[in-house]
Asker: 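Structure provided below as structure tokens; questions to follow.
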Amino acid sequence: MPRITLPDGTVKEFASPVTAGEVAASIGAGLAKAALGAKVNGELSDLARVIDRDASLAIVTAKAKGATSADADALYLIRHSCAHVMAEAIQRLFPGVQLVYGPPLENNFYYDMLFPAGTSISSEDFARIEAEMAKIVAEDRPFTRYELPMSEGLAKLKQEGSKFKLDNAERAIEAGSKELSWYATGAPGKNWEDLCRGPHVPSTGRIGGFKVLSLASSYWKGDEKLDRLTRVYGTAFPTKAELDAYLAQVEEAKKRDHRVIGKQLRLFHIDEMVGQGLILWTPAGAIIRQELQNFIGEELRRQGYSQVFTPHIGKLELYKTSGHFPYYQESQYPPLVEHEQLAQFAKEGCSCADLANRMKAGEIDGYLLRPMNCPHHIRIYASQQRSYRDLPIRLSEFGTVYRWEQSGEIGGMTRVRGFTQDDAHLFMREDQVAQELQGCLSLVKLIFKTLGMSEYRVRVGLRDPDSSKYVGDPKNWDKAEDACRQAAMSLGVPFSEEPGEAAFYGPKIDFVVKDVIGRSWQLGTVQVDYNLPRRFKLEYIGSDNTAHVPVMIHRAPFGSMERFIGCLIEHFAGAFPTWLAPEQVRILTISEKSEAYGKEVLGMLTARNVRAMIDTDPERIQAKIKAATEWKIPYLLVVGERDAEQRVVSVRARGHQENLGAIPAADFVTAVTEEISTRGATSVLSRFGKA
RNA sequence: GCCGCCGUAGCUCAACGGUAGAGCUCCUGAUUUGUAAUCAGGGGGUUGUCGGUUCGAAUCCGAUCGGCGGCUCCA
């Protein structure tokens with residue numbers, strides 16, 4: 001006789017097996033009505049699930065008691081169910097469509113399907129699909145689960161002839177299932193049904209708000225040699241109001257997109273004529289980048305780094321030694337072949353195919369656009385004899401690298417073909433690794449803290465033992481991986497270990513943030529490397545007067561300036577803190593009569609290196625404020641005759657509807673200069689009691 | 001690289017087989033103004049590019065370049 005333990009600890013005893021729904025009803029009619037599913041012993045399941053032995057049970061409702069946002073389990077059930085409804089609607093409208101796979105995701109769901117040859121779907125069909133879905137929801141048909149033994153189930157699928165569903169079933173068998181389950185939207189045999197593990201909401205009517213969002217393509221099992229599928233995305237919520245709120249939030253997020261803001265604020269430009277994925281830093285964006293570089297540069301000097309400059313290309317031989325050329329050729333621009341050798345090849349009657357093969361095999365004398373900076377820094381290390389007393393040696397450079405990213409992947413500033421890493425390579429004794437790792441992590445933490453970016457996660461990239469794309473001795477890999485694991489743990493932030501995510505020369509600690517449309521981007525990275533020093537035969541003379549191989553750390557706390565600033569634009573929605581803002585202060589004159597005074601104030605600001613401009617257009621002050629607001633300038637100083645007489649400025653701070661009032665011009669200059677030099681630790685606003 | 005969608009003035013968009021248009025920006029003039037758009041006038045486009053269909057193409061078709069969303073990839 002099942003004893004059911006509820007989340008609050010109370011225990012209910014039943015005389016015979018009960019469904020989760022019946023338990024809900026025994027607690028209260030309201031709960032039974034609100035119930036969407038259940039968690040039985042922590043496992044999400046249907047309300048109709050029969051519980052025949054002692055279990056813990058939690059009823060899933062749209063919103064947990066006291067919660068402000070929809071319950072994650074409820075959203076899962078609703079979206080999974082809505083995927084079925086959408087699939088049924090599409091199959092009604094497009095006969096012959098085969099279903100493949102339709103899972104719920106964090107914010108939405110999709111269904112992969114195969115459209116019969118000659119038919120296709122476009123976003124213009126969404127309204128029709130939604131109308132059909134609305135009918136199904138209005139019918140409020142129950143989701144009815146039924147199960148078949150394995151052999152019977154497989155026979156049914158074979159007879160129906162869907163190789164995709166058959167494959168899903170076979171994978172379920174591999175995963176240990178003993179039976180196959182279907183969910184009919186209504187009565188089995190009469191209504192639409194789908195092979196599905198479940199669980200689902202009790203009936204279609206429980207899907208409150210839904211929308212078909214977009215189309216994409218995918219491949220079966222992600223393999224482009226297999227069937228090309230159409231992926232239809234949608235989303236669903238317990239209520240229409242929540243759906244609308246979500247859609248509004250998505251619209252808001254789109255306005256923060258760095259590609260949109262980058263254009264509005266003229267932060268960067270990508271030019272067709274220059275090339276895909278090649279960023280042109282326009283003056284405003286260049287200021288932000290330079291300020292960030294200055295910021296990290298100051299910290300590097302404090303931490304004992306030495307700055308170097310190295311060229312963007314190097315001999316092919318260099319990259320053969322490092323392993324970049326053989327291991328990551330696909331991601332590089334092809335080598336630059338020397339003039340004389342090209343002429344010689346031509347003389348020999350070398351065909352284009354021959355040339356391509358020789359380039360691929362590296363049988364040429366030429367140069368490579370560098371995919372990474374480390375080989376250059378390594379050669380600086382190797383340029384003189386090193387003593388254990390010199391170590392660690394920390395060589396830093398804002399080094400620009402070039403990678404042949406696939407054309408379909410390039411976009412905005414976050415995925416580009418040429419980018420500048422805030423790179424450094426640390427050469428050290430093995431006993432110094434842990435401490436140097438800490439130093440690197442503290443840099444990353446400082447950056448995130450200064451910029452107020454708290455939403456990041458840490459990923460420890462380990463090697464995939466089955467892959468051949470790594471260089472070096474497994475023992476060294478073990479040591480390096482352990483050092484990374486220890487360092488990541490000491491951060492006190494949740495982190496994940498991810499096999500197969502290592503660089504080809506060593507494991508790494510990555511810092512990952514999300515962009516406005518929810519995509520994850522790796523920013524800062526710290527990588528331990530026992531391999532490249534061996535490949536380059538690096539050494540230092542130890543206290544025992546014999547040669548030893550140093551250990552290297554590669555690290556780039558921003559990752560790349562391009563990607564970091566792309567994410568930063570979205571983080572601030574273009575409203576940069578004063579120290580980063582391209583234009584920090586704008587002076588707005590009321591009329592020509594206050595122009596001379598305005599220019600005097602401008603002089604005071606520029607004398608202190610504040611990036612200030614003056615707007616002397618013969619416009620109304622309202623118009624000047626409007627214009628300046630659109631540029632997201634931190635401070636606007638309105639100066640009229642009254643201000644000139646009293647030598648004050650009327651301050652308007654970004655984000656404050658009301659003007660803050662007047663303060664002596666000299667005081668403003670002092671306050672803003674301090675705000676800038678402390679990178680926001682102090683603020684002009686405090687002068688007005690607003691901070 | 002693959003699939004789908006999309007390229008109209010500097011920007012945001014309209015026109016969807018029949019003379020390319022609006023707002024903002026920009027330029028000129030008037031206005032001298034106190035906290036989110038003063039008024040008037042003007043300039044600006046071989047509709048990404050190349051080819052095709054048509055009496056006629058921004059509009060239909062093909063190719064190409066570029067953008068977007070996915071897939072795959074990501075040292």
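Residue numbers start from 1 in every chain, and the chains themselves are labelled A, B, ... in the order their sequence lines are given, proteins ahead of strands.
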Asker: On the 0 to 90° scale, with breaks at 30° and 60°, tag the A/F504-A/H324 ring pair as parallel, tilted or perpendicular.
Answerer: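 A/F504 vs A/H324 ring planes: perpendicular.
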Asker: On RNA chain B, check which nucleotide each of A/K221 and A/T525 is closest to and give me the residue with the more 5' one.
Answerer: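 Of the two residues, A/K221 wins.
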Asker: Quick one: side-chain hydrogen bond (donor to acceptor under 3.5 Å, both in side chains) partners of A/Q329, sequence neighbours excluded?
Answerer: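 Expected list: none.
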Asker: Sequence neighbours left out, what passes side-chain contact (heavy atoms from CB on, under 4.5 Å) with A/T282? Give chain and number order.
Answerer: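 Once residues adjacent in sequence are excluded, the partners of A/T282 under the side-chain contact (heavy atoms from CB on, under 4.5 Å) criterion are A/H269.
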Asker: What's the gap between B/A14 and B/C73 when it is taken at their C1' atoms, as a whole Å value?
Answerer: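 One C1' to the other, the span is 40 Å.
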Asker: Under 4.0 Å from any atom of RNA chain B, heavy atoms only: list the residues of residues 416-423 of chain A that qualify, in numerical order.
Answerer: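 Result for residues 416-423 of chain A: none.
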Asker: Hey, which of A/V672, A/I633, A/T578, A/L605 is the one that makes side-chain contact (heavy atoms from CB on, under 4.5 Å) with A/Q584?
Answerer: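 Testing A/Q584 for a side-chain contact (heavy atoms from CB on, under 4.5 Å) against A/V672, A/I633, A/T578, A/L605 leaves exactly one candidate, A/T578.
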Asker: Sticking with atom P, work out how far B/A20 lies from B/C5, rounded to a whole angstrom.
Answerer: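 About 29 Å, rounded to a whole number of Å.
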Asker: Expressed in whole Å, how much space separates the C1' atoms belonging to B/C26 and B/C55?
Answerer: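 One C1' to the other, the span is 40 Å.
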Asker: Is the positively charged end of A/R231 above the ring of A/Y110, judged by distance under 6.0 angstrom from the centroid and angle within 45° of the axis?
Answerer: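 Here A/R231 passes the 6.0 Å and 45° test against A/Y110.
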Asker: Judged by each residue's nearest nucleotide on RNA chain B, which is more toward the 5′ side, A/Q406 or A/L229?
Answerer: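 Between the two, 5'-proximity favours A/L229.
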Asker: What is the pairing partner of B/U47, taking Watson-Crick or G-U wobble pairs with both distances under 3.5 Å in any strand?
Answerer: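 None - no nucleotide pairs with B/U47, as no candidate has both distances under 3.5 Å.
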Asker: For a quick check, with a 4.0 angstrom heavy-atom cut-off, what is the B/S/- contact string for nucleotides 23-34 of chain B, read 5' to 3'?
Answerer: --------BBBB
Asker: Within 45° of the six-membered ring axis of A/W220 and under 6.0 Å from that ring's centre, is NZ or CZ of A/R228 located there?
Answerer: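 So A/R228 doesn't make the cation-pi contact.
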Asker: Determine, stepwise, if the pair A/N373 / A/E397 fulfils side chain to side chain donor-acceptor pair (under 3.5 Å).
Answerer: CA-CA 9 Å; A/N373 302 308; A/E397 173 179 19; 5.6 Å; no
Asker: One character per nucleotide, please: for nucleotides 64-70 of chain B, 5' to 3', B when the base has a protein heavy atom closer than 4.0 Å, S when only the sugar-phosphate does, - otherwise.
Answerer: -SSSSBB
Asker: Taking the C1' atom of each, how far is B/U54 from B/C11, in whole Å?
Answerer: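 The answer is 35 Å between these two C1' atoms.
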Asker: Can you see if the side chain of A/R415 gets near the phosphate of B/C73 - specifically, an N or O under 4.0 Å from OP1 or OP2?
Answerer: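 No, A/R415 has no side-chain N/O under 4.0 Å of OP1/OP2 on B/C73.
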Asker: Which one, B/C3, B/U12, B/A36, comes nearest to the side chain of A/K263?
Answerer: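 So the side chain of A/K263 is nearest to B/U12.
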Asker: For B/G21, give the paired nucleotide (Watson-Crick: N1-N3 plus N6-O4 or O6-N4; G-U: N1-O2 and O6-N3; both under 3.5 Å), or none.
Answerer: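 Pairing partner, where one exists within any strand: B/C13.
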Asker: Looking only at atom C1', what distance separates B/A40 and B/G45, rounded to whole Å?
Answerer: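 The answer is 25 Å between these two C1' atoms.
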Asker: For A/W281, which residues count as a side-chain hydrogen bond (donor to acceptor under 3.5 Å, both in side chains) partner, sequence neighbours excluded?
Answerer: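 For A/W281, the residues satisfying side-chain hydrogen bond (donor to acceptor under 3.5 Å, both in side chains) (neighbours in sequence not counted) are A/E562.
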